[in-house]
Amino acid sequence: IKEPTPTLRCITFLVDCSGSMSNIMTEAIRVLQYFVQSLPEGVLFNVLKFGSHYEKLFSKPMLLTSATLSQAHQYCRAMKANLGGTELYGPLHDVSRYLASD
């Protein structure tokens, strides 16, 4: 009997950094950092922030390590509600292209 090959899980956090988030951005960052800190070992992850455009922490999902976790926390702490409007299509399309290529 052949053992199943374990698969890597990939988790992508999408964070609304549009201007309308200005009153609750501090709370959103706190919750995001909690979730990032709670990721299990062996997971691939990325953080995308969006507004009128979007930006990624990493160009592609990365394996959770102490270094990538530290980068994620720095990225989260620097987030502001300053990316204009709320355009979600771009980041969702980006994530779906990555998932389709696996």
Side-chain angles (χ1 to χ4, degrees):
I1 299 176
K2 185 177 176 184
E3 291 292 318
T5 305
T7 57
L8 287 175
R9 290 179 285 172
C10 181
I11 298 172
T12 302
F13 297 98
L14 298 175
V15 184
D16 185 351
C17 289
S18 65
S20 64
M21 292 291 290
S22 61
N23 292 334
I24 58 172
M25 201 67 214
T26 301
E27 183 68 12
I29 292 168
R30 188 184 67 73
V31 170
L32 175 62
Q33 287 187 311
Y34 174 81
F35 282 127
V36 169
Q37 186 67 40
S38 301
L39 289 170
E41 288 184 18
V43 71
L44 296 171
F45 80 104
N46 206 354
V47 179
L48 279 72
K49 59 184 182 177
F50 69 92
S52 295
H53 66 281
Y54 70 99
E55 301 169 7
K56 299 185 260 189
L57 170 58
F58 305 115
S59 61
K60 63 179 186 176
M62 299 292 287
L63 186 64
L64 178 67
T65 65
S66 59
T68 57
L69 181 61
S70 177
Q71 286 176 280
H73 282 302
Q74 289 174 346
Y75 189 74
C76 293
R77 281 192 298 271
M79 284 184 178
K80 297 189 181 340
N82 62 355
L83 294 183
T86 308
E87 299 294 329
L88 192 51
Y89 176 78
L92 287 176
H93 182 67
D94 190 290
V95 170
S96 69
R97 283 185 307 162
Y98 176 78
L99 294 176
S101 69
D102 275 353

Legend entry - Residues which pass side-chain contact (heavy atoms from CB on, under 4.5 Å) with Phe35, listed by chain and number, not counting sequence neighbours: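 With neighbours one apart ignored, the set is Phe13, Val31.
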Legend entry - Any residue meeting side-chain contact (heavy atoms from CB on, under 4.5 Å) with Ser66, in chain and number order, not counting sequence neighbours: none
[X] side, atom [atom1]; [Y] side, atom [atom2] - distance, nearest 0.5 Å:
X     : Y     : atom1 : atom2 : answer
Leu57 : Gln74 : CG    : CD    : 9.5 Å
Tyr75 : Ile29 : OH    : CD1   : 11.5 Å
Asp16 : Glu87 : CG    : CD    : 11.0 Å

Legend entry - Test applied, side-chain hydrogen bond (donor to acceptor under 3.5 Å, both in side chains); reference residue, Lys56; option that passes from Asn46, Asp94, Thr12: Asp94
Inset, instruction - Mind checking side-chain hydrogen bond (donor to acceptor under 3.5 Å, both in side chains) for Gln37 and listing every partner two or more places apart, or none if nothing turns up? - result: His73
Inset, instruction - Name all residues meeting the side-chain hydrogen bond (donor to acceptor under 3.5 Å, both in side chains) criterion together with Ser20; count only those two or more places apart in sequence or in a different chain, and write none if there are none. - result: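 With sequence neighbours excluded, Ser20 shows a side-chain hydrogen bond (donor to acceptor under 3.5 Å, both in side chains) to Ser18, given in chain and number order.
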Inset, instruction - Heavy atoms only: give me the nearest Leu64-Leu39 pair and the separation to one decimal. - result: CD2-O, 3.6 Å
Legend entry - Nearest atoms (heavy-atom pairs only) where Val36 meets Ala72: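 Between these two residues, the closest heavy atoms are CG1-CB, 3.8 Å.
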Inset, instruction - Can you sort out the partners of Tyr54 under ring-ring contact (aromatic ring centres under 6.0 Å, His included), two or more places apart, ordered by chain and number? - result: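 For Tyr54 there are no ring-ring contact (aromatic ring centres under 6.0 Å, His included) partners, ignoring immediate neighbours.
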Legend entry - Counterpart residues, ring-ring contact (aromatic ring centres under 6.0 Å, His included), relative to His93 (two or more places apart): Tyr89
Legend entry - Cluster check Phe50, Leu83: I/L/V/M/F/W/Y, side chain < 4.5 angstrom: no
Should [X] and [Y] count as side-chain neighbours, where that means a heavy-atom distance under 4.5 Å?
X     : Y     : value
Arg30 : Glu27 : yes
Thr65 : Gln71 : no
Glu55 : Cys17 : no
Val47 : Phe58 : no

